[in-house]
Amino acid sequence: IAGLVVTIFLVSRGVRGALLLGIFITTALAMVVGVSPIPHGLSGIISFHNPFQDLAGTAFHLDIRAAFHIGLITILFTLTFVDLFDNIGTLIGVARKANLLDDKGDLPRIGKALFSDSLGTMFGALMGTSTVTSYVESAAGVSEGGKTGLTAVVIGVLFLAALLFAPLVGFIPAQATAPALIVVGVLMTSEITHIKFSDFTEAVPAFLTIIMMPLTFSIAEGLAFGFVSFTLVKLLSGRWRENNAVTYVCSVLFILHFVLGKS
C-alpha cells in the first residue's frame with residue numbers, strides 16, 4: 001500500500017520517471033521493514049557470471065523428429081494462436097495510448113510490427129529461451145513520452161545492463177513492481193471511453209474482453225471471449241450483417257482453441 005501511495009503521488013505530480021522512482025523507493029522501504037533482504041558485498045550487486053555460457057546448453061538444441069509428430073499440431077496451433085492475438089491486442093492497446101492509430105483506428109505498418117515479433121519469437125526459441133514478444137507494460141514508456149523505435153533500443157540496452165546487475169535486480173520484491181503495474185492498468189483503462197456502451201451488442205463483447213483478460217491472465221483469452229461473444233450477440237440480435245468473414249473465421253478459430261487447448 002505504501003508503494004502504491006508513493007507511485008500514485010509521483011505520477012500525479014508529473015514527476016519524470018515516476019514509475020521507476022516508485023519502484024526504487026518501494027524497494028528501499030521493503031528493505032527497511034525487512035520484506036526484502038539487503039544486499040551484502042559486491043557479489044550482491046554485480047554478477048560475475050557469464051550469462052552467455054548458459055546458452056551452450058540450450059541454444060540450437062532442436063528436436064527435429066518431434067516436429068513431425070501429429071500431436072505437435074495442436075501445440076503449434078495453441079502457441080501460434082496465443083502469441084498472435086496476444087501481440088495484436090498489445091500492439092493496438094499501446095499504439096492507441098501513444099496516439100499512433102489512424103482515423104479508422106488501424107495501426108499503420110502493423111505487418112512490420114508483427115514480422116519483427118515473429119522473428120523475435122523464432123530467435124528466442126532457437127536460443128532456448130521463453131517467447132520474445134511485446135508487452136503491455138510498454139504503456140509505461142509511452143506515458144513517459146517514448147513513441148519511436150529508439151525507445152525499444154534503449155530498453156534493450158538497459159536489459160543488457162540488467163544482466164550485469166542481476167543480483168541487485170533480484171532484490172526488487174513484487175510489492176515494488178505491483179504499484180507500477182496498477183498505474184499502467186489505469187493508463188490503459190482510459191481507452192475504454194472509445195467503447196460505445198450505449199449499444200448493448202458492443203458493450204457485452206467489450207465487457208467480456210476486459211473482464212476475462214485479468215481472470216484468465218491472458219490478453220489472447222480475453223480477445224477470444226470478445227470475438228466469440230461479438231459474433232453470437234450480433235447474430236442473436238438480428239444484426240448479423242455487421243459480422244463479416246473475419247469475425248466468423250476468428251470466432252471459429254477461437255472456439256477450436258478452447259476445444260483443442262483444453263484437450
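Index from 1, following the sequence.
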So, taking the atom named CD in Glu242 and the one named CG in Leu235, what distance separates them when rounded to the nearest 0.5 Å?
11.0 Å

Which atom pair, heavy atoms only, marks the closest approach of Asn243 to Thr231?
ND2-O, 3.3 Å

Which pair of heavy atoms, one from Phe171 and one from Thr27, lies closest together, and at what distance?
O-CG2, 4.1 Å

Heavy-atom donor-acceptor pair, Thr177 side chain to Ala174 backbone, under 3.5 Å
yes

Just one of Leu21, Ile25, Val11 clears the side-chain contact (heavy atoms from CB on, under 4.5 Å) bar with Val6, so which one?
Ile25

Among the clusters formed by ILVMFWY side chains lying less than 4.5 Å apart, do Leu232 and Ile255 turn up in the same one?
yes

Please give me the minimum heavy-atom distance between Ser251 and Phe227, naming the atom from each residue.
OG-O, 3.4 Å

Search all heavy atoms of Thr201 against all heavy atoms of Arg239 and return the closest pair with its distance.
OG1-NH1, 3.1 Å

Residue pair Gly226 / Pro205: nearest heavy atoms and the distance that separates them
O-CB, 3.6 Å

Tell me whether Phe24 at atom CZ has more than 12 heavy atoms from other residues, nucleotides or ligands lying less than 6.0 Å away.
no

Side chains of Trp240 and Tyr248: closer than 4.5 Å at any heavy-atom pair?
yes

With clusters defined by side-chain heavy atoms of hydrophobic residues (ILVMFWY) lying less than 4.5 Å apart, directly or transitively, does Leu20 cluster with Val157?
no

For residues Asn244 and Thr247, determine if any side-chain heavy atom of one lies less than 4.5 Å from a side-chain heavy atom of the other.
yes

Does any non-hydrogen side-chain atom of Leu126 lie less than 4.5 Å from one of Met122?
no

Taking only Lys NZ, Arg NE, NH1 and NH2, and the carboxylate oxygens of Asp or Glu, determine whether Glu202 and Lys196 approach each other closer than 4.0 Å.
no

Can you hop from Leu29 to Ile172 via hydrophobic side chains spaced under 4.5 Å?
no

Side-chain touch Leu223/Met213, heavy atoms, less than 4.5 angstrom:
yes

Given side chains that start at C-beta, do those of Val228 and Leu208 come closer than 4.5 Å, heavy atoms only?
no

Do Phe159 and Leu163 make a side-chain contact, defined as non-hydrogen atoms from C-beta onward lying under 4.5 Å apart?
no

Tell me, with the steps shown, if Asn87 and Thr121 meet side chain to side chain contact (heavy atoms under 4.5 Å, CB included).
CA-CA 11 Å; Asn87 193 42; Thr121 300; over 6 Å; no

Check Gly222 against Thr216 and note the closest heavy-atom contact, atom names and distance.
N-OG1, 4.2 Å

In the single-linkage hydrophobic clustering (I, L, V, M, F, W, Y; side-chain heavy atoms under 4.5 Å), do Leu119 and Phe60 co-cluster?
no

Taking the side chain as C-beta and beyond, is there a heavy-atom pair between Leu114 and Leu91 under 4.5 Å?
yes

To the closest 0.5 Å, what do you measure between CG (Leu150) and CD1 (Ile155)?
10.0 Å

Close side-chain approach of Thr7 to Ile182, heavy-atom, < 4.5 Å:
no

Same hydrophobic cluster for Val233 and Met212, using side-chain heavy-atom links shorter than 4.5 Å among ILVMFWY?
yes

